[in-house]
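Note that these values count all heavy atoms, side chains included, but never hydrogens, waters or copies made by symmetry. What you see is a predicted model, and the numbers here were worked out from it, not measured in a lab. Letters A, B, ... mirror the listed sequences (proteins, then strands); counts begin at 1.
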Number of protein chains: 2
Amino acid sequence: MSDLILTTFDWVPERPRGYVRDLRVRWALEEAGLPYRVESVPFDPRGPEHFARQPFGQVPWLTDGEMSIFESGAILLYLGERSEALMPAKASARAEVLQWVFAALNSMEPPFLAWLVLSFAKDPFTTDGAKAVASFRDKRLLHLEAVLIGREWLAGGFSAADILMTEALRLFDGSDVLAAFPACQRYVLRATSRPAFGKAHADQLAHFAAADATGARHQ
Amino acid sequence: MSDLILTTFDWVPERPRGYVRDLRVRWALEEAGLPYRVESVPFDPRGPEHFARQPFGQVPWLTDGEMSIFESGAILLYLGERSEALMPAKASARAEVLQWVFAALNSMEPPFLAWLVLSFAKDPFTTDGAKAVASFRDKRLLHLEAVLIGREWLAGGFSAADILMTEALRLFDGSDVLAAFPACQRYVLRATSRPAFGKAHADQLAHFAAADATGARHQ
């Protein structure tokens, strides 16, 4: 099993570095101890061969021999079938992880992302719509806070769900949003202190820094 | 296997009727031909026993004997292990469905939902943030349109992914957003013409109408 290939962009601007979604897959692969190599596609332009692998022009995708799979959530479940470090084998424990995987990606990340898009635009949060988005975000964080006060990880031991929830919460890096949610804040610290996260994060930064150095992309 | 219990609210206001997320699960159960029954929890107030089953105070959840699982995406994958009407058995076909399940819930629904929250607030889409949200929505729809021009269903035959993608696209019901994306529009029509959708939709409407009739809730 040494033919896992993770594809990401050759280069991205400064801001998304450390946050591009290949990080989730790198982190999962490091937790699982599965060997892999990283390949690149152009950030710009994105050609038909990119859209053939990933119909939204995003990254990452993973190839495993003949198999090619996109969406980081799907990739993590796919890898979870290979490693109990990501997904336990017992049916009831699997269902528990599965629900938290979807909670991270479908109940948490959407309001967080909506807030992020508005905050990048630098509009004040004064319109009714922007206030509704901020309140949607805080409502979900409040519920998550109540959950995380009582547990170390979301579903028993550390799992793929914690990778995805941490990545959803890292959308608040550089803001003070999590200051009001200390259990969430401690959870992110706990997760990002794991060696597998450290390696994945450093590797992503090095990947994009190498593109700067080799002049693969100048902007 | 007649002990599947789907739990939803006892009552909801008019607007969300036909869109409450138990619909996704009802639809999947009807496609799979699995027997189930529906139970209710109070819409208001939501008590500790509700949060114990669903930590965000949402619905639905599904119980299967001792097992209790929330998040409609997780429930659909769980049911997919019982029925090839939702998820094919072959590994490569499963991976294909899996990536489209996550594409619906994590690449499509978040920008659609962000737009919906802003549009409910009735602010004009004139701020930079609101424009960014609308452009995010259209970018994703444009890519999905390109995919749907070439295929009937997302991943081979009809699957759980089509239930979730249709439900994401139904967020535009009552708006003219999909008029510019005819393949998406035809796809929604194709999916919602299936008898299983019709039954699930009618059953949800009847469930909430019954609550009005019995006076379980007056508002």
Region of [X] in contact with chain B, defined by heavy-atom distances below 4.5 Å:
X        : result
A/Phe112 : neither
A/Val97  : neither
A/Glu66  : neither
A/Ala146 : neither
A/Leu113 : side chain

Which residue out of [options] racks up the most heavy-atom pairs below 4.5 Å with chain B?
options                                : value
A/Ser72, A/Pro111, A/Pro110            : A/Pro110
A/Val147, A/Asp128, A/Asp123, A/Leu142 : A/Asp123
A/Ser107, A/Ser119, A/Ala114           : A/Ser107
A/Gly129, A/Ala74, A/Ala103            : A/Ala74

Exercise. Should the pair B/His143 and A/Phe51 be assigned to parallel (<30°), tilted (30 to 60°) or perpendicular (>60°) ring geometry?
Worked result: tilted
Problem set entry | Pair B/Phe102 and A/Phe102, ring centroids less than 6.0 Å apart | yes
Exercise. Taking the side chain from B/Gln99 and the backbone from A/Glu71, do they hold a donor-acceptor pair closer than 3.5 Å?
Worked result: no
Exercise. Heavy-atom distance under 4.5 Å to chain A: side chain of B/Glu81, backbone, both or neither?
Worked result: side chain
For this session: Could you grab the distance from atom CD1 of B/Ile75 to atom CG of A/Leu98, nearest 0.5 Å is fine?
Result: 10.0 Å
Problem set entry | Gap separating the OG1 atom of B/Thr127 from the NZ atom of A/Lys122, nearest 0.5 angstrom | 14.5 Å
